[in-house]
Amino acid sequence: MRLSQILISTLRDDPADAEIPSHRLLARAGFIVKIAAGVYTFAPLMWRVVKKFAEIVRQELDREGANEVMLPIIQPKELWVASGRWDRYVTDGIMFTLKDRKGSEMCLGPTHEEVMTTFVNAQVNSYKQLPVNCYQIQDKFRDEIRPRFGLMRGREFIMMDAYSFDCDVPALDVAYQKMRNAYCRIFERCGVAYTVVQADSGAIGGAGSEEFMVIADSGEDSILFCRESGYAANVEKAVSKLPAAPAGGEPKALEKHSTPDVRTVAQLEAFFPGWEASRMAKTVLYHVTWKAKTKVVAVMMRGDLEINEVKLANSLDAMTVRMATDDEIKAATGAETGFAGPVGLRDDVPLLADESLQGSTNLLTGCNEGGFHCLNVNLGRDCRMPSFKELRMARKGEGCPVSGKPLEQARGIEVGHIFKLGIKYSKAMGATFMDQAGKPVPFVMGCYGIGVSRTPAAAVEQSFDDKGIVWPASIAPFECVVAVLDNKRDEQNVLAEKLYAELRAAGVDVCLDDRPMSPGAKFKDHELMGMPVQVFVGRKAPEGGVEFLVRKGMQKSECAASEVKAKVLAVLGR
RNA sequence: CGGGGCGUGGCUCAGCUUGGUAGAGCGUUGCGUUCGGGACGCAAAGGUCGGAGGUUCAAAUCCUCUCGCCCCGACCA
């Protein structure tokens, strides 16, 4: 390709609305152009990047026997009602919905479990046709609460979504592992450093899931990991060895103390010298929403630990949880905020406690009376016995659940997510096949996603410098550019054309920069756009000399035109 | 949705406090000179100051409403 024929428009200034490096650089290099919040046009060079990444995804999925299909973006409401997800997605406001001329409700697909399950159910009737794995690469639509960071979180974005259908759980495990392997090859090939972490299943639901994370400071996810054991998990999912707390000893007599204006754990530590936070049990009131009801629930946690709201929602099988407001707390406990506790808690407020409190004695808690706290509270004696759950937020520095070594923390960008769904959707939607015994059995499903527009952005996030983008060669818009520095000089044009033809013949994805621009402007442009290998044909052209630049590291050298092909291939590892 | 910030030629911004006939740089167009680090000179085009209403002799500037965008929290590829 000749750059004079490609629509390229780099900006001299950073765009005002871009914050993180990938957004800033992709916008400045003219790769993406915003059309609305979270909605972008992909300019020619960006589209080349996306297509290259998509091709890697296709190759690796096809190697595992997956079928590429194309599902409709517009989906009828009925499908979502059948799976039971319409209400939740509409309530959350995540789904773009519309009505057709007859008034029938439709949505723009935020994900495709429903459509794919319907499709495969119609095609597959027998266990003999299994396993099946279908995927598509397509735009997804989600009315995100907060689109941000350019391509990182868009309202329209490109996603690869795959769905596996198997006859039983062991077969699902095989399908899952195949996809996991494919994912590893995909992210290795596109040159990003990534980590696989255990994850919460979230709104998609299902048994187990892992996320593929690109480690970057701008990542929206927090992960905990251990170099020793290889354990890694999203903080939402992570567990750790429980930090020790002093023993409470034999149960003592309950004491009630006046604690005016003492509300927080820190204030209590100051008020009761000798009582460490780990001997306290804080009680946090949560407003919990299920499909058909809402309720305020009391959650107890050891004073030095934090509640993990994802774990809380999961343990309650709730749609959403949020901390109760001051008014809700007063209505539920009768006391103002800061004095809630298990003692004297109304019977209609469910009481949960983290496992860290199991077996603890002589705790310090609130007692639902403004200005008072209790000492030596013993669960089951002075109050109801709570139902114990694993609700604790694991934190860095705490022991790895496998090795016991301190956990480390990092930020990550979720570029892929794989789930074992089980029969959640197939059962809800009545998607079955005939098993060997001739009985209808629901498909055992898995689903798998890759952010096809997000991954290149994540790659930029990991690979840039003060001059611009440094594309990994496998997803760069071009592997190599041959640039004419003064295109009024024939000897430069002739030599550049020759090199361009030679590199193309050698199978290099090369472009010729024949634009009539000053040399300085071309240098800046290619640094910004991040072409991996750059060959400049300039004043040494009459003697057959050119300049050779490897973008990563900015190593610049001069060489003879005759050496260019070999040098380019060497840099590209071919 | 809650909190904070911002909307002025294509882009980055100044002007607003203290109302008085819209500015700069970059980019764009033309001509000429250049041609190795976003070249230089000259000339030119381009803006209902996000929108609506109000106050005023007079509004980019003050007031009200509204729309859009960005950042921090709950969502996810």
Side-chain angles (χ1 to χ4, degrees), chain A residues 9-20 23 27-28 30 33-39 57 88-89 91-95 110-112 137-162 183 199-204 209 211-214 220-221 234 236 287 289 309-310 313 319-323 325 413-419 447-458 467-468 483-489 492 516-528 536-541 546-547 549 556 558:
Chain A
S9 176
T10 55
L11 269 30
R12 195 178 281 242
D13 298 303
D14 280 338
D17 59 3
E19 205 73 13
I20 63 168
H23 185 196
R28 188 149 95 81
V33 180
K34 186 173 70 192
I35 203 75
V39 182
V57 172
R88 174 169 186 168
Y89 272 69
T91 306
D92 287 356
I94 200 84
M95 194 146 69
T111 174
H112 282 74
I137 294 175
Q138 185 200 57
D139 276 17
K140 290 282 180 285
F141 298 82
R142 294 181 191 171
D143 195 0
E144 291 286 345
I145 301 164
R146 185 144 96 87
R148 59 178 152 180
F149 297 156
L151 261 28
M152 285 299 177
R153 176 174 302 277
R155 293 190 296 171
E156 173 175 350
F157 59 97
I158 306 172
M159 177 165 153
M160 185 291 298
D161 49 323
Y183 273 43
D200 181 67
S201 305
I204 306 286
S209 81
E211 290 167 338
F212 287 70
M213 292 282 192
V214 167
E220 296 183 87
D221 288 276
N234 195 308
E236 295 172 346
H287 179 94
T289 308
E309 295 186 356
V310 172
M319 270 169 59
T320 60
V321 301
R322 62 163 171 81
M323 286 223 251
T325 62
I413 300 165
E414 184 188 349
V415 290
H417 200 156
I418 55 179
F419 299 82
C447 77
Y448 316 87
I450 289 179
V452 173
S453 45
R454 180 186 277 180
T455 301
K467 299 183 190 315
V484 186
L485 291 182
D486 182 357
N487 63 357
K488 286 205 176 63
R489 297 193 185 275
Q492 294 190 17
M517 295 165 58
S518 73
K522 283 193 180 178
F523 292 138
K524 293 285 188 202
D525 246 16
H526 292 299
E527 282 160 6
L528 177 61
F536 296 104
V537 180
R539 61 162 77 107
K540 296 256 173 72
V546 300
E547 195 159 302
L549 175 70
K556 209 168 198 179
E558 288 188 0

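Within every chain, numbering begins at 1; the chains are lettered A, B, ... in the order of the sequence lines, protein sequences first and strands thereafter.
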Can you tell me the base-pairing partner of [N]? Count Watson-Crick or G-U wobble geometry only, both distances below 3.5 Å, and say none if there is no partner.
N     : result
B/G2  : B/C72
B/G19 : none
B/C62 : B/G54
B/U48 : none
B/G9  : none

Of the nucleotides [options], which has the atom closest to the [X] side chain?
X        : options             : value
A/Ala37  : B/C69, B/C76, B/C71 : B/C69
A/Arg454 : B/C35, B/A77, B/C75 : B/A77
A/Arg146 : B/G73, B/G38, B/A77 : B/G73
A/Glu19  : B/A77, B/G36, B/C70 : B/C70
A/Lys34  : B/C71, B/C69, B/C76 : B/C69
A/Arg155 : B/G38, B/C69, B/A77 : B/C69
A/Lys488 : B/C71, B/C35, B/G36 : B/C35

Given the [atom1] atoms of [N] and [M], what is the spacing between them in whole Å?
N     : M     : atom1 : answer
B/C65 : B/G23 : P     : 32 Å
B/C13 : B/U8  : P     : 10 Å
B/G38 : B/G3  : P     : 48 Å
B/U18 : B/C62 : C1'   : 11 Å
B/C26 : B/A22 : P     : 23 Å
B/C67 : B/G15 : C1'   : 24 Å
B/C31 : B/C71 : C1'   : 47 Å
B/C75 : B/G54 : C1'   : 41 Å

Base, sugar-phosphate, or nothing for [X], non-hydrogen atoms under 4.0 angstrom?
X        : value
A/Ile94  : sugar-phosphate
A/Gly93  : nothing
A/Gly416 : sugar-phosphate
A/Glu527 : base
A/Ser453 : nothing
A/Met152 : base
A/Arg489 : nothing
A/Tyr183 : nothing
A/Glu211 : nothing

Working to the nearest 0.5 angstrom, can you tell me the gap between [X] [atom1] and [Y] [atom2]?
X        : Y        : atom1 : atom2 : answer
A/Phe157 : A/Asp139 : CZ    : CG    : 9.0 Å
A/Ser453 : A/Met160 : OG    : CE    : 12.5 Å
A/Arg454 : A/Met159 : CZ    : CE    : 10.0 Å
A/Met152 : A/Thr455 : CE    : OG1   : 9.0 Å
A/Lys467 : A/Lys524 : NZ    : NZ    : 6.0 Å
A/Phe149 : A/Ile413 : CZ    : CD1   : 9.5 Å

In whole angstrom, give the distance that lies between atom [atom1] of [X] and atom [atom2] of [N].
X        : N     : atom1 : atom2 : answer
A/Arg153 : B/C71 : CZ    : P     : 12 Å
A/Phe141 : B/C75 : CZ    : C1'   : 19 Å
A/Asp221 : B/G73 : CG    : P     : 12 Å
A/His526 : B/G38 : NE2   : C1'   : 12 Å
A/Ile145 : B/G3  : CD1   : P     : 16 Å
A/Asp161 : B/C76 : CG    : C1'   : 14 Å
A/His287 : B/C1  : NE2   : C1'   : 14 Å
A/Arg322 : B/C75 : CZ    : C1'   : 16 Å

Task: Test ring-ring contact (aromatic ring centres under 6.0 Å, His included) applied to A/His417 - qualifying residues, sequence neighbours left out - done: A/Phe419
- [ ] Verify side chain to side chain contact (heavy atoms under 4.5 Å, CB included) between A/Glu309 and A/Arg322, making sure each step is shown before the conclusion.
- [x] CA-CA 8 Å; A/Glu309 295 186 356; A/Arg322 62 163 171 81; 5.8 Å; no
Task: Below 4.0 Å: OP1/OP2 of B/C72 and any side-chain N or O of A/Arg148 - done: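 Checking A/Arg148 against B/C72: at least one side-chain N or O falls below 4.0 Å of OP1 or OP2.
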TODO: State whether A/Ser518 places a side-chain N or O below 4.0 Å from either non-bridging phosphate oxygen (OP1 or OP2) of B/A39.
DONE: yes
Open item on the list: Does the structure show A/Phe157 stacking with B/A77, if we require the centres to be closer than 5.5 Å and the planes to be within less than 30 degrees of parallel?
Closed with: yes
- [ ] Please state whether the rings of A/Phe536 and A/Phe523 are parallel, tilted or perpendicular, taking 30° and 60° as the class boundaries.
- [x]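 The rings of A/Phe536 and A/Phe523 stand perpendicular, inter-plane angle above 60°.
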Task: Residues forming a side-chain contact (heavy atoms from CB on, under 4.5 Å) with A/Thr10, sequence neighbours excluded - done: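 So A/Thr10 forms a side-chain contact (heavy atoms from CB on, under 4.5 Å) with A/Ile8, A/Asp525, A/Leu528, A/Met529.
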- [ ] Give a yes or no on whether A/Arg489 atom CZ has more than 12 heavy-atom contacts from other residues, nucleotides or ligands under 6.0 Å away.
- [x] no
Does [X] make a side-chain donor-acceptor contact with the base of [N], cut-off 3.5 Å?
X        : N     : result
A/Asp525 : B/G38 : yes
A/Arg539 : B/C35 : no
A/Arg28  : B/G38 : yes

- [ ] Let me know, please, whether A/Asn487 or A/Val415 comes out on the 5' side of the other along RNA chain B by nearest nucleotide.
- [x] A/Asn487
Task: Of A/Asp486 and A/Leu528, the one whose closest RNA chain B nucleotide lies more 5' - done: A/Asp486
Please list each protein N or O that sits under 3.5 Å from an N or O in nucleotides 11-13 of chain B, with the distance.
unit_1 : atom_1 : unit_2  : atom_2 : d
B/U12  : OP1    : A/Ala16 : N      : 3.0
B/U12  : O4'    : A/Asp13 : OD2    : 3.4

